[in-house]
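Heads up: the structure comes next, in structure tokens.
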Amino acid sequence: MNAPDTNLLLPYEAEVVAREQESTNIFSLRLRLTDDAVRAAFRYAPGQFNMLYLYGVGEVPISIVNDAQGGEELIQTVRSLGRVTRGLAQLKVGDRIGLRGPYGRGWPLAAAQGKDVLVITGGLGCAPVVAVIHHVLRHRSQYGHLTIIQGVRHSDDLIWREQYDRWRAEPETTVLLAADKAGPGWSWHVGLVTELFREMDFDPQRTMAMLCGPELMMRASAEHLSARGLPESALYLSMERNMQCAVARCGHCQFGSRFVCRDGPVFAYTDIKNLLGVPGF
């Protein structure tokens, strides 16, 4: 839920309080809303996103990585690809940007309470589900076993390595990693992330799966999980499209009859199953 009396098209001011370079072209910004009232009222759900606005350049949708609520800092992990993200990459501590949001629908964490949680990510699209991991670990007694499966193209692409080590040490938590190509020192699986599924043990009747990454990977993962007995109603996917307005007005992120910015980015698999991989959607 947004702060009260908010025009969703106007950004709040946010200050960069910390910056961390995660990899060659991925960095994280720790942001603090400068208005005390807005900061105290700001609420969001894991899986939602903000629009980050660089003055005079433009804005981009970026997932919120942490799951903390009102009064705390926001962590936004960004991949430097285009004009706006390259500009954001130049920010320093103390710089100020615009931030509007949060937008979209998050992960069904309330429905997942009492169940095992399976998180599957591919490529560099892991940021939208990191908040799920943080949430489950912060509310450990409310969830069953947590399985984290992450695949990258090259082992050098894996970010947050220290976090994976910490997660692996948590009780009732399994971490499985894969790289299509491995560099020196890589001790995990070499191959497709879907090949890790043979190492995965789960009870399909008490598991909820949350997927993020390339669509072909998510579709293959969903089909595999379904074949192993996981109900399709227990599958959720985070979709990525060209979101520009974030309020379902510009049409750039239309996905069939839905809009990713408003009806997603998290969708029930049953709602979008027939659109996955279809050209034009």
Side-chain angles (χ1 to χ4, degrees), residues 22-28 46-47 62-63 65 77-81 107 112 116-137 145-170 172-202 204 207-228 230 232 234-241 264-267 269 272-273 276-277:
E22 308 287 3
S23 70
T24 304
N25 64 346
I26 298 176
F27 60 96
S28 292
I62 304 294
S63 297
V65 172
T77 297
V78 186
R79 185 180 186 186
S80 182
L81 283 176
W107 300 100
D116 296 337
V117 177
L118 174 58
V119 172
I120 301 175
T121 66
L124 300 176
C126 51
V129 288
V130 171
V132 170
I133 298 169
H134 290 322
H135 181 90
V136 170
L137 294 178
H145 195 88
L146 172 63
T147 301
I148 303 165
I149 298 179
Q150 164 71 24
V152 291
R153 181 169 297 176
H154 193 283
S155 59
D156 292 346
D157 295 332
L158 184 70
I159 63 175
W160 299 317
R161 294 194 180 212
E162 293 182 357
Q163 287 195 69
Y164 283 106
D165 291 337
R166 289 197 300 269
W167 295 337
R168 190 179 303 117
E170 292 284 342
E172 287 294 309
T173 303
T174 299
V175 175
L176 299 172
L177 305 176
D180 294 352
K181 296 181 179 179
W186 181 255
S187 60
W188 293 93
H189 180 74
V190 178
L192 299 176
V193 65
T194 49
E195 294 171 1
L196 289 174
F197 291 172
R198 58 176 174 258
E199 301 180 33
M200 178 177 60
D201 184 25
F202 69 97
T207 298
M208 184 167 286
M210 304 181 191
L211 283 58
C212 185
E215 286 185 31
L216 289 177
M217 182 279 295
M218 289 197 293
R219 183 172 65 176
S221 299
E223 291 172 351
H224 176 91
L225 294 171
S226 179
R228 288 186 57 175
L230 186 72
E232 291 186 349
L235 280 162
Y236 288 82
L237 286 63
S238 180
M239 304 300 298
E240 184 176 347
R241 287 295 184 276
V266 175
F267 289 94
Y269 177 63
I272 61 172
K273 174 184 177 181
L276 289 177

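- Put simply, the side chain of Leu230 reaches to within 4.5 Å of the side chain of Phe202, judged on heavy atoms.
- Here OG of Ser187 is found 8.5 Å from CG of Leu177. Values are rounded to the nearest 0.5 Å.
- Although no hydrogens or angles enter the test, the distance criterion places no donor-acceptor pair under 3.5 Å between the side chain of Thr147 and the main chain of Thr174.
- Under the rule for a salt bridge (charged side-chain N to carboxylate O under 4.0 Å, His left out), Arg166 has no partner lying at least two apart in sequence or in another chain.
- Rounded to the nearest 0.5 Å, atoms OG (Ser23) and CZ (Arg79) are 8.0 Å apart.
- For Ser28, the side chain to side chain donor-acceptor pair (under 3.5 Å) test picks out Glu22, Thr77, with sequence neighbours left out.
- In this structure, Ile148 and Leu176 have side chains that are not in contact, with every pair of non-hydrogen atoms separated by 4.5 Å or more.
- The heavy-atom pair separating Trp107 from Pro128 by the smallest distance is NE1-O, 2.8 Å.
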Check against side-chain contact (heavy atoms from CB on, under 4.5 Å), Val266 and Leu237: CA-CA 5 Å; Val266 175; Leu237 286 63; over 6 Å; no
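- Residue Ala112 comes nearest to Met208 through the heavy atom pair CB-SD, 3.7 Å, listed as atom of the first residue, atom of the second, then distance.
- The closest side-chain heavy-atom distance from Ile133 to Glu170 is not below 4.5 Å.
- By the salt bridge (charged side-chain N to carboxylate O under 4.0 Å, His left out) test, Arg161 is found to be paired with no residue, residues two or more places apart in sequence or in another chain being considered.
- Taking all atoms of both residues into account, the shortest heavy-atom contact from Ile159 to Tyr164 is O-CE1, 3.4 Å.
- Inter-residue side-chain proximity for Tyr236 and Phe267 is flagged as unmet; no heavy-atom pair is nearer than 4.5 Å.
- Scored by the side chain to side chain donor-acceptor pair (under 3.5 Å) test, Glu232 finds Lys273 as partners (sequence neighbours excluded).
- In plain terms, the two heavy atoms of Pro265 and Gly47 that are nearest each other are CG-O, 3.5 Å.
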Show which side-chain atoms of residues 216-226 pair as donor or acceptor with protein atoms under 3.5 Å away, not counting sequence neighbours.
residue, atom, partner, partner atom, Å
Arg219, NH1, Leu276, O, 3.3
Ser221, OG, Met217, O, 2.8

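- Annotation: side chain of Ile149 is not in contact with side chain of Val119 (no heavy-atom distance under 4.5 Å).
- None of Leu118, Thr207, Leu211 except one satisfies the side-chain contact (heavy atoms from CB on, under 4.5 Å) rule with Leu235; the exception is Leu211.
- A donor-acceptor distance shorter than 3.5 angstrom exists from the side chain of Asp116 to the backbone of His145, with no hydrogens or angles considered.
- Of the possible donor and acceptor atoms, none in the side chain of Trp167 sits under 3.5 Å from a partner among the backbone N and O of Leu137.
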Could you give the side-chain donor-acceptor pairs of residues 188-201 under 3.5 Å, partners two or more places apart or in another chain?
residue, atom, partner, partner atom, Å
His189, NE2, Glu195, OE1, 2.8
Glu195, OE1, Leu192, N, 3.4

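- A salt bridge links Arg241 and Glu215; the closest N-O separation between the charged side-chain nitrogens and carboxylate oxygens is under 4.0 Å.
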